[in-house]
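My questions will all concern the structure given below.
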Amino acid sequence: MDYALSEEQAALVAAVQGIVRDHGAPPSDARQSFAYFDASLQAALQGGGFLDAARVLGALEAALVVMEAATAPGAAELGASALVAPHLFPSAAPNGPFALIDAAALGKAHRHLPIAKTALITDGGDVLVLDLNGVRIDPVDSVYAYVYGRFAERIDLRALPRIPDAAPLLRQWHRVALAAEMAGAAAQAVAFTVEYVKTRHVFAKPVGAFQAVQHRLVQCHQAALAMRYLTLKAAWAGDAYHAALAACFAQQKASKIVFDLHQFNGAMGITNAHLLHFWTYRLRALQAEAGGVYASAHTVANALWGGAGP
Amino acid sequence: MEFGWSQAQENYRERIRAALRELLPADWHETYTPQSYASDAQIEFSRKFCPQLAERGLLVRHWPKEWGGEGGDDWEQFILAEEMKVAGEPRGPQYMNVNWIGPTLMRFATPEQREKYLPGIARGTTIWCQGFSEPGAGTDLAALRTKAERIGDRYRINGSKIWTSYARKADMCFLLARTGAGRKEITVLLVPMATMGVSVTSNPGLCKDGHLNEVFFTDVDVAIDARLGEEGQGWAIVTHALSFERTGVPRYHVGIEVLGLAIAQLKAEGRADDPIVRARAGMIAAQFEAARALTYLVVDQRVKRAPENTDANVARITALDAVVELMNFLVEFTPDCLAGGDAQLEEYYRINVPAGVTAGTYELQLDLIAQRGLGLPRG
Ligand SMILES: Cc1cc2nc3c(=O)[nH]c(=O)nc-3n(C[C@H](O)[C@H](O)[C@H](O)COP(=O)(O)OP(=O)(O)OC[C@H]3O[C@@H](n4cnc5c(N)ncnc54)[C@H](O)[C@@H]3O)c2cc1C
């Protein structure tokens, strides 16, 4: 048991932090937007090989990359590239960024679809691979802080290359990926709010001096910290149980974090220009992915106590 | 970063489990655990059990060799705590002796005091109680009023302590008393419970028997060598002592076990396939695992002697949240456990009723994290 980062891991984290710092100030038009896809952040992470960390170093390192990169105000496609694709395609992966899609919801809006190069479509127990080159996508407006899009043409699933029985593996790493993004976004949203409540004064005191604020803010910090370590453990363990634990915890805590942090930022927190929503509405976006909290809870229950019945 | 146990740690855990299999009587879970670790029955049992644990080198393994330990690290102490807690804490109150009373004596006691008290703890034969709280001093401990008046080379103690777990059966009291008017003019006295003028009464309550005692000190006369450290050093000693308890009890381990017991009951009743039951249980398990992950973070920091921070407080409230959810699960899905049903589930529920109050309340933890961890201004 060793919770400290190795030298190599610390260097990796520091490098990603450096990139995030360089992308810390969104351009003025992006500041007013709901979702800001930071193409430059995506290019820096991809070009620097950071999203290949799972192949070169390991899944734990990939989770560290995703977590750190998720603290940036701009969104990039992190988790699917860094954690899902390397496990689905151990040797040659199709081109990222990826959109993760459930065939049953094919006609709905999908996260990252407008910027993705490949869609991985879960179809029953299998995964289908769709090269998005030339596929027409309509952007979809959303308050979720990622770019969303919908297919503007019919997709014939039968014609797509199929990876048999790969859906459980995809779901497992999708859970680790979303938990890692949630951990990063939650930590950043808490840090952002802690700073805000130190500076904003009401009744001649900083907002953060009131115990009613302090206690709930601590609970948000607590959730973010626990998300971090459950996620890292899930990446390290590499099994469906730990992945489900991480997702289940992150997804059950999202609602509280989003509500409380917006409360403490007052009306300012609901304006786009304040930036808080970039992190909180990423939490919201991920709350229902990979089956959502109840599906991950069922995976946990099945692993601990077996199938139902006497 | 590494989240697995070493082979040596696995072996150590297996050694403890083997000792438990060997030493606990066949009716342990039926007869003893439902009464809880503070009950008279379990305290008496601990007087037999702890010496046997000590013989196997498993009672104070984390202590220095000089005092009967093997210099084991914090992980070993923690693995022991996990296994004992999940077994129903057969050490009774003696977990407290080995975790913080002994180590505090090593640090502050005179050589004579160490000779007098440490062997009894290391052999597992002495029961201690902790005399801190008073009717008018709980969270605000420095408001305590029990007075120790210096008369020549003796102290005369008058006052009362409350919620003194194990007091009815204890041999010794680790007592905090006021030796001056200043808020922190407090001194630690090591008082034999058999001293004339010490009396104990007990009250019934929601948590299982053994905790809700009141201890009265009426003109209790002890020699000056009952004092630990200097006069007025009590506050510093207690702060140091409590730092050993920073991580708290490993609640996640037993929490997941109890969740499993409840699921087993629901399976037997044909109700375990209810998707709501399974979803709630899975969510609670995730909360306990979150507490485990944070607790291990804290133990790791301690092993590495990292500077103190508030992660331990965070780990504690995370465990408390999970406990509260589990108590609620029991009431929602196995409500008979509080009305003549499964005694182990009842014990779990009742022993945890005060979990947010003991050893630093939930709110106090939140305050500490807010101010020391997040750097928020005092209100
Ligand atoms: C089962 C059990 C076993 C115990 N065993 C022992 C023992 O062996 N020895 C011993 O000395 N004591 C023992 N205690 C006592 C325990 O340490 C105290 O109960 C605890 O310190 C809280 O004190 P209190 O009960 O007086 O609550 P109070 O201090 O009266 O607090 C009441 C409420 O007010 C809140 N509060 C207090 N201050 C603040 C603040 N500044 N901001 C916000 N909220 C605040 C508290 O969090 C709590 O919710 C035991 C208690 C229990 C329940």
Side-chain angles (χ1 to χ4, degrees), chain A residues 1-6 9 60-61 64 190-191 194 197-198 205-206 208-211 213-219 221-223 225-230 232-233 236-237 242 244-253 293-310, chain B residues 1-6 9 75 256 259-260 263-264 267-270 272-287 289-291 293-294 296-301 303-304 306 310-311 313-315 317-318 321 363 365-371 373-379:
Chain A
M1 203 73 67
D2 179 4
Y3 271 62
L5 297 178
S6 68
Q9 288 164 342
L60 179 56
E61 286 73 8
L64 286 167
V190 170
V194 166
V197 299
K198 283 180 189 168
K205 273 201 253 186
F210 291 92
Q211 207 177 42
V213 172
Q214 290 190 348
H215 285 188
R216 281 158 63 195
L217 197 43
V218 163
Q219 289 169 327
H221 161 69
Q222 165 203 358
L225 195 67
M227 282 181 194
R228 173 182 171 83
Y229 288 103
L230 275 181
L232 294 175
K233 187 168 181 188
W236 172 86
H242 286 90
L245 283 173
C248 183
F249 185 82
Q251 290 175 322
Q252 63 179 299
K253 291 295 175 184
V293 63
Y294 302 112
S296 50
H298 278 249
T299 305
V300 170
N302 293 341
L304 283 174
W305 306 296
Chain B
M1 220 173 215
E2 157 74 50
F3 294 97
W5 298 109
S6 69
Q9 287 167 331
W75 281 117
I256 301 244
L259 205 44
I263 295 286
K267 260 188 195 173
E269 294 170 2
D273 52 355
D274 178 344
I276 296 174
V277 167
R278 300 183 75 74
R280 288 297 306 144
M283 288 169 77
I284 296 167
Q287 293 201 21
E289 288 301 332
L294 292 180
Y296 289 177
L297 165 72
V298 174
V299 179
D300 185 55
Q301 290 171 353
V303 169
K304 293 177 177 143
T310 53
D311 291 347
N313 310 86
V314 176
I317 58 170
T318 306
D321 288 347
E363 293 71 28
Q365 309 295 323
L366 295 177
D367 263 18
L368 289 173
I369 302 162
Q371 285 150 26
L374 300 183
L376 294 172
R378 278 179 177 278

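Quantities reported herein were computed from a predicted structural model and do not represent experimental measurements. Naming: A, B, ... by sequence-line order, numbering from 1 per chain.
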* Does A/Lys253 use its side chain to pair, donor to acceptor, with the backbone of A/Ala226 at less than 3.5 Å? -> no
The interface call for B/Ile263 against chain A, heavy-atom contacts under 4.5 Å, is side chain
Honestly, the part of A/Val197 sitting under 4.5 Å from a heavy atom of chain B is side chain
- Task: Using a 4.5 Å cut-off on heavy atoms from C-beta on, say whether the side chain of A/Leu64 contacts that of A/Leu5.
- Result: yes
If one checks every heavy atom of A/Lys233 against chain B at 4.5 Å, the contacting part turns out to be both
When the 4.5 angstrom heavy-atom criterion is applied to A/Leu225 and chain B, the contacting part is both
Checklist entry - Do the rings of B/Trp5 and B/Trp75 sit parallel, tilted or perpendicular, given the 30° and 60° boundaries? => result perpendicular
Applying a strict 4.5 Å limit to non-hydrogen atoms, the region of A/His215 in contact with chain B is both
Assert top hit (heavy-atom pairs under 4.5 Å, partner chain B, pool A/Glu61, A/Gln219, A/Lys205, A/His242) equals A/Gln219
If one checks every heavy atom of A/Leu217 against chain B at 4.5 Å, the contacting part turns out to be both
Most contact-rich option vs chain A, by heavy-atom pairs under 4.5 angstrom, among B/Leu297, B/Leu294, B/Leu374, is B/Leu297
When the 4.5 angstrom heavy-atom criterion is applied to A/Gln9 and chain B, the contacting part is side chain
State, with a plain yes or no, whether a side-chain heavy atom of B/Arg278 is found less than 4.5 Å away from one of A/Asn302. yes
A/Tyr3 ring center within less than 6.0 Å of A/Tyr229 ring center: yes
So, the part of A/Gln211 with a heavy atom under 4.5 Å from chain B: the answer is side chain
So does A/Tyr294 have more than 12 non-hydrogen atoms from other groups sitting under 6.0 Å from OH? no
Counting heavy-atom pairs under 4.5 angstrom with chain A, the leader among B/Gln287, B/Arg378, B/Gln371 is B/Gln287
Heaviest contributor of heavy-atom pairs below 4.5 Å to chain A, chosen from B/Met283, B/Gln301, B/Gln365, is B/Met283
For A/Phe210, the ring-ring contact (aromatic ring centres under 6.0 Å, His included) test, sequence neighbours excluded, returns none
Which of B/Thr318, B/Asp367, B/Leu368, B/Val298 passes side-chain contact (heavy atoms from CB on, under 4.5 Å) with B/Asn313? Answer is B/Leu368
Comparing A/Val218, A/Val293, A/Leu232 against chain B, the one with the most heavy-atom pairs below 4.5 Å turns out to be A/Val218
Is any side-chain heavy atom of B/Ile369 closer than 4.5 Å to one of B/Ile317?
yes
When the 4.5 angstrom heavy-atom criterion is applied to B/Glu363 and chain A, the contacting part is both
